[in-house]
Amino acid sequence: MAVATPPYASDALAEGTVDAVVIGGGAAGLNGALILARSRRSVVVIDSGSPRNAPAEAVHGLIALDGTPPPEILRRGREQVRQYGGRVVFGEVVSAESAAPSADGDLRFTVTLGDGRSITARRILVATGLTDVLPQVPGLAEHWGHSVVHCPYCHGWEVRDEPIGILATGPASIGHAYLFRQLTEDLTYFTHGTDLDEDSRARFAARGIRVIDTPVTEVVNDEDSALAGVRLADGQVVARRVLAVAAPMQARTQGLEGLGLPVQDLPNTGRGFASGTAGTTEVPGVWVAGNATDLVAQVGASAAAGALAGADINRMLATADTDAALQGIAGGSPQGATR
């Protein structure tokens, strides 16, 4: 699921050809853009304004920024990209595809927005993030990012010592249970139609984890609309203050089909773009970074991946610039160091 954030002042879409378009304005995209802008590359970030962590009150586990609200981190990131000449454009990408190369053979791509505007880029960084696919349990989604959580490292400290329920989605939920058991002594595992082998049941029993096999039919709230528990198929209500869900994750691929990027299914996590070192892909001129390819990356890891991809894009552009300069000399018209 995705939650939109309030719109912010958008830069004008650059004219002509830019060095790089970054699709996605989260931690990975902004950090990639920052590296490129600081390398004096013309870079435009296209941001749809619907970051995965929008429902969360704060980012945790990120040194020096622990406890900072996600919108504040993104606001600072946009300001820093702009400080070095980069642009951040509020918009939705509806298509991205290869275009005819330049006269010297350099790559070109066309990125089109939902309002019909388009931009041409030499390289593309895809940092669209992912969507969490929550179980279809009534009342669950409204608590997402608050009393319904997914990551013990992002939210664990804040829910410590609470009565926590694990709403199982598959094998990944078994490991999830051990991690949340570290945070509370009152943990209940709702199998919710998934298999739980006898060995895991024995291990749960050894750790004092209660197992309930009756399916969950809905989330129950108290009079203040806070999560109070879950109702089972037999009508019983099991009191819980927090639910942990290892929801399957899907990279956001909408509008990117024209790039032909390969995707892969990752065991117990979901589906994301395939990538290599520094976010390289099988498609020349296109990189991916952050949760679009590393589904379990936290904010810090996503930002670092964006930085690596940005540096690699700059390296490849520098090579292309040099190749073009050599061609210009051979043709009798020397070119500058940049273009």
Are the side chain of [X] and the backbone N or O of [Y] linked by a donor-acceptor pair below 3.5 Å?
X      : Y      : value
Arg82  : Arg87  : no
Ser39  : Arg41  : no
His146 : Pro55  : yes
Glu257 : Gly255 : yes

Nearest-0.5 Å distance that lies between atom [atom1] in [X] and atom [atom2] in [Y]:
X      : Y      : atom1 : atom2 : answer
Arg210 : Phe190 : CZ    : CZ    : 7.0 Å
Leu243 : Ile164 : CG    : CD1   : 9.5 Å
Trp287 : Asp312 : CH2   : CG    : 6.0 Å
Arg203 : Leu196 : CZ    : CG    : 11.5 Å
Leu317 : Leu36  : CG    : CG    : 7.5 Å

Given side-chain contact (heavy atoms from CB on, under 4.5 Å), test Thr184 with Arg241 step by step and report yes or no. CA-CA 12 Å; Thr184 183; Arg241 300 299 295 179; over 6 Å; no
Have Thr293 and Ser275 got a donor and an acceptor in their side chains that come within less than 3.5 Å? yes
Under 3.5 Å, is there a donor-acceptor pair between the Asp132 and Gln250 side chains? no
Grab the two heavy atoms, one from [X] and one from [Y], that are nearest each other, plus how far apart they are.
X      : Y      : value
Gly156 : Leu183 : CA-CD1, 3.4 Å
Val18  : Ile119 : CG2-CD1, 3.9 Å
Ala292 : Ala251 : O-CB, 3.4 Å
Arg240 : Leu227 : O-CD2, 3.1 Å
Thr110 : Ala99  : OG1-CB, 3.5 Å
Ala168 : Ser173 : CA-OG, 3.4 Å

Consider side-chain contact (heavy atoms from CB on, under 4.5 Å). Of Val288, Ile124, Thr253, which one does Leu261 pass it with? Val288
Are the charged groups of Arg75 and Glu72 less than 4.0 angstrom apart, N to O? yes
Looking at Arg201 and Asp213, is there a salt bridge between them, counting it only when a charged N and a carboxylate O are closer than 4.0 Å? yes
Kindly confirm or rule out a cation-pi arrangement of Arg207 over Tyr178, judged by NZ or CZ under 6.0 Å from the six-membered ring centre and within 45° of its axis? no
Check: [Y] and [X] side chains under 4.5 Å, non-hydrogen atoms:
X      : Y      : value
Arg122 : Val21  : no
Leu167 : Leu140 : yes
Arg271 : Leu266 : no

Ring-ring centroid check His150 His155, cutoff 6.0 Å: yes
Cluster check Val149, Ile174: I/L/V/M/F/W/Y, side chain < 4.5 angstrom: yes
